[in-house]
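I have placed the structure first, in the form of structure tokens, so that the comments after it can refer back to it.
Counting starts at 1 for both ligands and their atoms, in listed order. Just so it is clear, the model here is predicted, and its values are computed rather than measured.
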Amino acid sequence: RTGDAVPAVVIGTGYGAAVTALRLGEAGIPTVMLEMGRLWDTPGADGNVFCNMLRPDGRAMWLKDRTLAPLASFLWMDVINHDTERYPGVLDRVDHGDMSVYLGRGVGGGSLVNGAMAVVPKRNYFEEVLPAVDADEMYGKYFPRATAALGVNHVDPDWFETCDSYRYARLSRAHAHRAGLKTTFVPSVYDFDYLRREEAGEVPRSALACEVIYGNNHGKRSLDKTYLADALGTGNVTIRALHEARAIRRDDTGGYVLTVHRRDESGEIVERTEIAAQRVFLGAGSLGSTELLLRARDTGTLPELGAEIGQGWGPNGNVMLGRANHVWDTAGGTQSAMPALGIDAWEDPEHPVFAEIAPIPAGTELWVSLYLAITKNPERGHFSYDPATDSARLHWRTEQGQLSIQQAKALFDKINRANGTTYRTDLFGDTRPFENRFTYHPLGGLVLGRATDDYGRVRGCPGLYVTDGSLIPGSTGVNPFVTITALAERNIERILAEDWPTPASS
Ligand code: FDA
């Protein structure tokens, strides 16, 4: 073996990983985090750490020659995406045939690129999705713990009613109410007070400067500012950026050895090394963690892994769509890139939908209302290992997303009827009004209680754990990071109490 040996390794630095590392660090356990993306702390030539959506450069995307934003066109014109230099940028899109999955890459994972919406799921749906998890404990203890540690805050309702930043949301609210639908404020980890000061011209703009999917330079409480900062503060956690875990095998002391590829700043792999750990926590996200275990099972390095590895995947029913507004209904050129309002029709027995009112942060009036609908679709995909490419392939067919489109269509047909409006058909590269060939919310692959026990311990592999979105079987009914965070809090508390032979801090 080359490389060092440590008590615990956490793979990834997204939500599940960050929670786990903090709690290990607090318990006095020396912990190394491996993150394949960059540490985003150094300004580029323009003085900013991240680029914005209007002028993207290499920092935007993970090792691509061109940006791949979810809105592919405007008036059918290819004006949204741009050629860029190939660089280990912050947003990745992994294409799997009929489904493309967007992911954050870098220290902080998805928290670097997401819309910051911090939504606790509906309790009855959480109980349906994860019946083995004690909901009293989750709602009484772990959701509050997660939202506090994530720095979740709420928009000031008075400011919301008068600000420019959310004119687009007020317009969509009026349209929804006209159709008899209910709207609700969405909590956020973007600092709403910072946003207010952005609009007042007191601080540099970020949410108001078209910054979101390629990173935010200000205002967002991403994990590097919350859980990961606290984890480093314990003095027991270190983060190795540009380190990708590629393979995992047992060593003869009962622990595990990871094969690690290190990249340089240009994204080239410059070193292959190993690290040994008594315990390994997989927090590489639904795609990353599932791929590691599939590869381990199918190449024979962890042959005891079972048939549940790679099962139970879903896109959280994501459907994106745009509506064409009347000329007199302006959404405003100044739009907060961080949503603050949703249409809540989840209780509709036939067409359950939770639709976030999304911005089009273009800096100019476009007469479009955009939405990301989360629908309730029981279809699931699965992964298989492809030896030719040494990677996991997702099996998800377009037809499996059809129910999600029906649900979204039922809701937005109502809104269009009540307002005399229509769908935009120019946004997704062809003439489709509904886009469900991508997801922001990949969930599942290593489902809790199936691939693992009820606390994320991988079946057949003592000392190996799953901590991230791959535990959740394909759907949460709302944006998922609060659920991932709270579940990781619950699981690591139990694991620390039961799996260390003596109190870990002694
Ligand atoms: P996550 O994906 O966050 O982190 C995994 C990390 O592991 C990444 O940093 C990755 O680079 C790293 N990694 C992967 N494989 C590795 C390997 N082999 N070795 C080392 N490192 C590896 N959710 C929400 O609740 N509200 C919202 O507003 C949004 N908005 C949104 C917008 C966009 C554009 C995206 C892409 C996503 C969202 N989401 C969201 C989804 C949310 O960000 C997502 O559910 C979580 O980040 C998932 O957390 P995980 O802990 O599962 O992994």
Side-chain angles (χ1 to χ4, degrees), residues 9-20 33-40 53 62 69-70 88 90-94 100-121 150 152 186-190 212-215 220 222-224 227-228 239-248 258-263 281-293 295 315-316 318 337-340 342 356 358 372 374 391-392 438-446 466-472 476 478-485 487-488:
V9 164
V10 177
I11 302 174
T13 55
Y15 291 91
V19 169
T20 305
M33 303 185 83
L34 301 174
E35 168 55 54
M36 66 189 274
R38 290 185 58 217
L39 173 64
W40 291 92
M53 292 175 66
W62 176 256
V90 72
L91 183 71
D92 199 358
R93 193 182 86 176
V94 184
S100 294
V101 180
Y102 282 98
L103 305 164
R105 296 265 181 242
V107 174
S111 77
L112 299 170
V113 298
N114 68 32
M117 279 168 282
V119 195
V120 175
L150 289 166
V152 175
V186 176
S188 179
V189 295
Y190 196 85
V212 51
I213 62 172
Y214 305 140
K220 197 204 257 182
S222 45
L223 289 167
D224 49 321
Y227 272 102
L228 292 172
I239 300 175
R240 296 183 190 169
L242 292 167
H243 282 62
E244 179 182 357
R246 287 291 304 179
I248 178 162
L258 298 167
T259 308
V260 179
H261 289 181
R262 185 171 70 79
R263 289 190 159 83
F281 294 84
L282 297 166
S286 167
L287 261 56
S289 294
T290 305
E291 177 169 88
L292 274 164
L293 290 195
R295 185 184 287 131
N316 206 21
N318 280 188
M338 300 293 143
E356 66 192 52
L372 183 74
I374 295 170
S391 64
F438 80 82
T439 182
Y440 283 165
H441 302 161
L443 295 169
L446 304 170
V466 180
T467 71
D468 56 27
S470 47
L471 291 171
I472 297 171
T476 54
V478 293
N479 318 66
F481 75 60
V482 174
T483 309
I484 296 170
T485 306
L487 199 61

Please list, chain by chain and in numerical order, all residues satisfying salt bridge (charged side-chain N to carboxylate O under 4.0 Å, His left out) with R246, sequence neighbours excluded. E244, D390
Which word best sums up how the rings of Y15 and F481 line up, parallel for under 30°, tilted for 30 to 60°, or perpendicular for over 60°? parallel
Output the distance between atom CD1 (I248) and atom CG (L293), rounded to the nearest 0.5 Å. 7.0 Å
Are any non-hydrogen side-chain atoms of L223 and L150 less than 4.5 angstrom apart? yes
Could you tell me, for ligand 1, which of its N or O atoms are under 3.5 Å from any protein N or O, listing the pairs and their distances rounded to 0.1 Å?
| from | atom 1 | to | atom 2 | distance (Å) |
| --- | --- | --- | --- | --- |
| ligand 1 | 3 (O) | G110 | N | 2.9 |
| ligand 1 | 9 (O) | E35 | OE1 | 2.7 |
| ligand 1 | 9 (O) | E35 | OE2 | 3.1 |
| ligand 1 | 9 (O) | G106 | O | 3.3 |
| ligand 1 | 11 (O) | E35 | OE2 | 2.7 |
| ligand 1 | 11 (O) | R105 | NH1 | 3.3 |
| ligand 1 | 18 (N) | A245 | O | 2.8 |
| ligand 1 | 19 (N) | A245 | N | 2.9 |
| ligand 1 | 21 (N) | M36 | N | 3.1 |
| ligand 1 | 25 (O) | M117 | O | 3.3 |
| ligand 1 | 25 (O) | P480 | N | 3.2 |
| ligand 1 | 25 (O) | F481 | N | 2.7 |
| ligand 1 | 26 (N) | M117 | O | 2.8 |
| ligand 1 | 28 (O) | G115 | N | 3.3 |
| ligand 1 | 28 (O) | A116 | N | 3.2 |
| ligand 1 | 28 (O) | M117 | N | 2.9 |
| ligand 1 | 30 (N) | G115 | N | 3.0 |
| ligand 1 | 43 (O) | N114 | ND2 | 3.1 |
| ligand 1 | 51 (O) | Y15 | N | 3.1 |
| ligand 1 | 51 (O) | G16 | N | 3.1 |
| ligand 1 | 52 (O) | G469 | N | 2.9 |

Is the shortest heavy-atom distance from the side chain of P70 to the side chain of I213 under 4.5 Å? yes
Taking side chain as C-beta onward, heavy atoms only, is N318 less than 4.5 Å from L372? yes
